Amino acid sequence: MLPGVTCTRLGADRCPGLLKPFVAQDGAIIRLRVPGGRVRVSTLADLLAIGADHGAPLLSVTSRTNLQVRGLPDPLPEDVMVRAEATGLLPSPSHERARNILAAPLAPDLQPLVAELDAALCADPFLADLPGRFLFAVTDATGAVLTEPVDAAYQALTPTSGVIRLAGLGMPCARDDAVAHLLDRARLFLTHREGPRVWNIRDLPADSPVFAGLEPMPVDPAPPLTPGPVGGDLVAGIPLAMLRATHLSALVAITDDVVITPWRSLVVPSGAEFAADLEEAGFTVTESDPWARLSACTGAPWCARTSSPTMDLALESAARLGPDGPRLHVVGCERACGAPTLDHVLVVDPHSVDDILSADGALAR
Ligand code: SF4
């Protein structure tokens, strides 16, 4: 293991896909990968409609910039399969759960490299065995998204050169060699990991061949994006990471494409001038909005591991939280699903709004 890392997983990798849904208390969960996070608004609308037509009207964005619908019938109706495939988000059925690729959300020039990496990944049958938890990243000189638990990343420092990064180690790499190099390391990971329950490069021993030729390379990534304008673009926060019909109605009038970030938000290209409209539609558009520092896991009644209605309580408490305070993540159990990578206060198994406000310190203020 790398220093300070202990691999204690006992369960199987249950990351869902479309062809391999996970069945939870409230029904089937499907997840569709969006390498690089860029997606058409019409595709979001199609997925929302598929869920709504089958009693599952919520579309979530995930921290790997993927899209998820939960509460679907089990087994999945043929209609769900056909319509979800028609979105184009399943180009390689064999690799559907392996296509987890983050990209710096404000660097559209990296998208061709993401597409190249995705295509090469899908072209190699061996890489279909990558765990659903294995995460690639492509970023720019700012190191955006390297705050996340990435396994193998290329950081572009100039248009033609950069570095490969793995678990705090790295080496220089030409841009033209980046895809081959990232995939070589992923193959080494599959070859040398000690069994299918080792999901990540950080879980390998320090002398693993995966790390051959790499040197310590500290990283100083840009912090996660917060809601608000960035130049002419807008980072629009999504309360509870749930996209609703009102969100999409507002987006469709503004843009064809958006970029999903790993931080429960979308980058809306040229969206800054439409911030008021998007706020009206339910997006968070300022850092001072309580939703910029409040999140929750799925909780009850959907998740069988808790009786705490985490999302309902978060919704209620948002109206009573002030703009300042710690980042709060409300969860139903110690698993702490969806916990942010930044410093935060975990509110575990709350059963009233006061439990959340107490954790925030709001009751004392
Ligand atoms: S943190 Fe616990 S209660 Fe919440 S979704 Fe995860 S497993 Fe369920």
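If you're wondering where the values come from, they're calculated on a predicted model, not measured in any experiment. Counting convention: from 1, in listed order, for ligands and their atoms alike. Basis for what follows: all heavy atoms, side chains included, without hydrogens, waters or symmetry-related copies.
In terms of the salt bridge (charged side-chain N to carboxylate O under 4.0 Å, His left out) criterion, R64 has no residue partners (sequence neighbours excluded).
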* Asked: Would R33 and N100 satisfy side chain to side chain donor-acceptor pair (under 3.5 Å), going step by step from the backbone distance to the final call?
  -> CA-CA 7 Å; R33 271 67 187 176; N100 297 293; 3.3 Å; yes

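Note that CE of M242 is 9.0 Å distant from CG of L59, once rounded to the nearest 0.5 Å.
The residues R293 and D324 are annotated as not salt-bridged, no charged nitrogen and carboxylate oxygen being separated by less than 4.0 angstrom.
Sorted pairs that involve residues 333-346 and meet salt bridge (Lys or Arg N to Asp or Glu O under 4.0 Å), not counting sequence neighbours, are lacking altogether. Applying the salt bridge (Lys or Arg N to Asp or Glu O under 4.0 Å) definition to pairs two or more places apart or across chains, none involves residues 297-319.
Protein contacts to atom 2 (Fe) of ligand 1 involving N, O or S atoms at a distance below 2.8 Å are C333 SG.
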